[in-house]
There are 2 protein chains.
Amino acid sequence: MEGRGISQAVIRRLPRYYRYLGELLEDGVERISSNDLSKRMKVTASQIRQDLNNFGGFGQQGYGYNVKYLYTEIGKILGLDRKHNMIIIGAGNLGQALANYAAFERSGFVTKGLFDVNPTLAGITVRGIEIRMMDEIKSFIKNNDIEIAVLTIPKAKAISVANMLVENGIRAIWNFAHTDLNLPENIVVENVHLSESLMRLSYNVLRYKETHQEDK
Amino acid sequence: MEGRGISQAVIRRLPRYYRYLGELLEDGVERISSNDLSKRMKVTASQIRQDLNNFGGFGQQGYGYNVKYLYTEIGKILGLDRKHNMIIIGAGNLGQALANYAAFERSGFVTKGLFDVNPTLAGITVRGIEIRMMDEIKSFIKNNDIEIAVLTIPKAKAISVANMLVENGIRAIWNFAHTDLNLPENIVVENVHLSESLMRLSYNVLRYKETHQEDK
DNA sequence: TAGATTGTTAATCGATTAACAATC
DNA sequence: TAGATTGTTAATCGATTAACAATC
């Protein structure tokens, strides 16, 4: 799904603003100008003002932005003032690592269940979350108001499982499988392709070495 | 570090081309035109040709691209024809999950060691990789020709650890900590901020709901 | 009031798409 | 040779930055 109106380039930056404002808040900073923030974040002040003004005038001329207010407002924009129930499909290392990560809950993302095909995992709990078998998934989604499914399964199964999830009312998929899902336009997909991230890193290392070879 | 010459927008797409070409190769497809590939990947044929031509003329008029050749060439561009030795700092759930993920090795990314501050983990092995204490890290980097460090530690320690790693010769950091690192310009940093990814997902779910409220 | 800083319009820059001549 | 499809230039589109009037 593609967001209309506000560009994904802006949305990609929002969580980073949120993070910096959270740190300022912790440090007891009350207000900040786009100029000061731009220096900390290493972006232009113009971009900050443009980005924020997509959502409303959060600042005040001559004063800047109130840190606490802006933090709260961006949180609302990102949907962090609501609860989002999740299930994790695939209770392997990555699935369990994500289930164990308690910090998501502080932002409202609550993992309600873990699912796997491996019967030896059935009934085991991770941070109090039970691992269930796949045949329970449909009723579980209905009974627990699940909005987001986290896909941490091998790519071979990912597409068919994703389709099944969508048929059963899942609104969004956080996809860690190494494949594209091609779901209906109304389903939100956020991909985390770790191997591709590692390849970009590798490319940049290589390129740096090459461009500096002549220095030796 | 920012790559010069070729834009990061292009580099971001490169691993995806590689993935699709790998699948075509597995399916026994010998050649493909930019037009056919564009339909599969849901991008424009023009973009594919432009992207590839940043690196050279891999195609042939009237024929298209040889799948195997292009796959190999993109692999080389991404540095997948070389070995990259890695260490993982932080042997918690995520660090261990990444260590367990054998597929990275097939692309040349070899995890040589796992490091943690928790003494109860010392000596434990994950997929044959020993967990070591932090005081061994400096000599380990030197003796094992380590290029990449994977940071899976809490953000409080991330910046100081990153600086220490750079002082000891690390060239690139795959950063899973929820903070920006601000390292010297010659160090490659690839961030994987999972909580920010989840926030973007949340934003897009919310926006979809809002824009379709009136339908009810 | 004077100074600071936003919100917003206009200018620039870069990335994407379209078009087509070159050529296999 | 005729048809297909690339490589590449030109046109368009969108995102970023600069500038400044509005206003706290």
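Both backbone and side-chain heavy atoms feed into the values below; hydrogens, waters and symmetry mates do not. Worth saying up front: this structure is predicted, and the values here are computed from it rather than measured. Order of the sequence lines sets the chain letters (A, B, ...), proteins ahead of strands, with each chain counted from 1.
If you check residues 48-56 of chain A against DNA chain C, the residues with a heavy atom closer than 4.0 Å are A:Arg49, A:Gln50, A:Asn53, listed by number.
One finds a salt bridge joining B:Glu23 and A:Lys155 here, because a Lys/Arg side-chain nitrogen approaches an Asp/Glu carboxylate oxygen to under 4.0 Å. A salt bridge links A:Asp51 with A:Arg13; the closest basic N to acidic carboxylate O contact falls under 4.0 Å.
The backbone N or O of A:Gly108 sits nowhere less than 3.5 Å from a side-chain atom of A:Arg82 that would complete a donor-acceptor pair. Panel note: side chain A:Thr152, backbone A:Gly90; a donor-acceptor pair is recorded below 3.5 Å. Between the side chain of A:Asn85 and the backbone N or O of A:Asn144 there is at least one donor-acceptor pair closer than 3.5 Å.
Distance A:Gln61 CD to C:dT5 C1': 7 Å, rounded to the nearest Å. As a whole-Å value, the separation of A:Ile6 CD1 from D:dT16 P is 14 Å. Between the CD atom of B:Gln8 and the P atom of C:dG14 there is a distance of 14 Å, given to the nearest Å. When rounded to the nearest whole Å, the span between NZ of B:Lys42 and P of C:dT17 equals 15 Å. Nucleotide D:dT17 holds its C1' atom 9 Å from the CD atom of A:Gln47, rounded to whole Å. The CE-P distance, from A:Met41 to D:dT16, rounds to 13 Å in whole Å. Between A:Asn35 atom CG and C:dG7 atom C1' the separation is 15 Å, expressed in whole Å. Taking atom CG on B:Asp36 and atom C1' on D:dT5, their separation rounds to 11 Å, with Å as the unit.
For B:Phe115 and B:Phe140, the ring centers sit closer than 6.0 Å to each other.
Distances were taken from every side-chain heavy atom of B:Ser46 (C-beta onward) to each of C:dC24, C:dA18, D:dT6; the shortest belongs to C:dA18. If you check C:dA15, D:dA15, C:dT6 against the side chain of B:Ser7, the one that comes closest is C:dA15.
Exactly one of A:Arg171, A:His84, A:Lys83 qualifies for a side-chain hydrogen bond (donor to acceptor under 3.5 Å, both in side chains) with A:Glu147. That residue is A:His84.
Under 4.0 angstrom from either OP1 or OP2 of D:dT16 there lies at least one side-chain N or O belonging to A:Arg13. Residue B:Tyr65 has no polar side-chain atom (N or O) positioned under 4.0 Å from OP1 or OP2 of D:dA4.
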Let me have DNA chain C in dot-bracket notation, would you? Count Watson-Crick plus G-U wobble pairs, both distances under 3.5 Å, and use [ ] for pairs crossing earlier ones and | for inter-strand partners. ..||||||||||||||||||||||
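Counting only N and O atoms by type, the side chains of B:Glu196 and B:Asn191 include no donor and acceptor under 3.5 Å apart. Between A:Tyr101 and B:Asn93, the side chains place no donor N or O within less than 3.5 Å of an acceptor N or O (distance only, hydrogens not considered).
Both A:Tyr63 and A:Thr44 sit near DNA chain D, but only A:Thr44 has its closest nucleotide nearer the 5' end.
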